[in-house]
Amino acid sequence: MRDMILKAVANPPKLFWGAVLPTALNAGLQIPFMFMAIGMGDVNPLIFIITIVLGHLVVVGLSAKDPHLSGMLQAFGTTNVTSVNIYKEKGNKFEP
């Protein structure tokens with residue numbers, strides 16, 4: 001029996017061949033720093049363009065190894081919380 005493979009699960013979204021979230025974080029952090037460095041210190045923007053491209057190549061390499069990197073980062077952000085126990089018990093409990 002043939003099952004339908006959902007495209008969103010099988011092929012997660014990509015941005016310039018890299019996972020969306022790390023690629024957006026790379027550009028979203030480095031581009032403002034580039035403009036601040038140009039405005040404050042008269043720095044050559046070619047240095048930042050090279051680091052943006054190198055960072056993106058690293059993200060593409062990690063995305064090729066694990067295509068669901070964005071989903072893993074989002075899931076880690078929601079589960080990496082420490083809970084506060086209402087009653088004194090050994091270990092962390094997510095529900096009272």
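These numbers come from a predicted model, not from an experiment.
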Handout entry: Distance in Å, F48 CZ paired with I38 CD1, rounded so as to fall on 0.5 Å steps
Key = 7.5 Å
Problem - Co-membership, hydrophobic cluster, residues I31 and L15, 4.5 Å side-chain - result: no
Problem - From NE2 (H68) to CG (L73), nearest 0.5 Å - result: 13.0 Å
Fill in the blank from the handout: When rounded to the nearest 0.5 Å, the distance separating CG of L62 from CG of L57 is 11.0 Å
Exercise for the section: Tell me, yes or no, whether the heavy-atom count around N44 atom CG, taken from other residues, nucleotides or ligands under 6.0 Å, exceeds 12. Expected result: yes
Practice task
Check whether any side-chain N or O of H56 sits under 3.5 Å from a backbone N or O of F16 as a donor-acceptor pair, and report yes or no.
Solution key: yes
Handout entry: Minimal non-hydrogen separation, G18 against V59, with atom names
Key = CA-CG1, 4.4 Å
Problem - same_hphob_cluster(I52, V60) at 4.5 Å side-chain heavy-atom cutoff - result: no
Handout entry: Approximate separation, where rounding is to 0.5 Å, of T51 OG1 and F33 CZ
Key = 11.0 Å
Fill in the blank from the handout: Rounded to the nearest 0.5 Å, the CG atom of L21 sits from the CE atom of M72 at a distance of 12.0 Å
Handout entry: pair I49-M34: side-chain heavy atoms closer than 4.5 Å
Key = yes
Practice task
Start with the C-alpha gap between V20 and K14, add the side-chain angles, then the distance that decides, and say whether side-chain contact (heavy atoms from CB on, under 4.5 Å) holds.
Solution key: CA-CA 5 Å; V20 173; K14 303 247 183 226; 5.6 Å; no
Handout entry: Heavy-atom closest contact (S70 atom, P22 atom, distance)
Key = OG-CD, 3.5 Å
Exercise for the section: Please answer: with hydrophobic residues joined when any side-chain heavy atoms are less than 4.5 Å apart, are F35 and I47 in the same cluster? Expected result: yes
Problem - Shortest non-hydrogen contact from A19 toward L69 - result: CB-CB, 4.1 Å
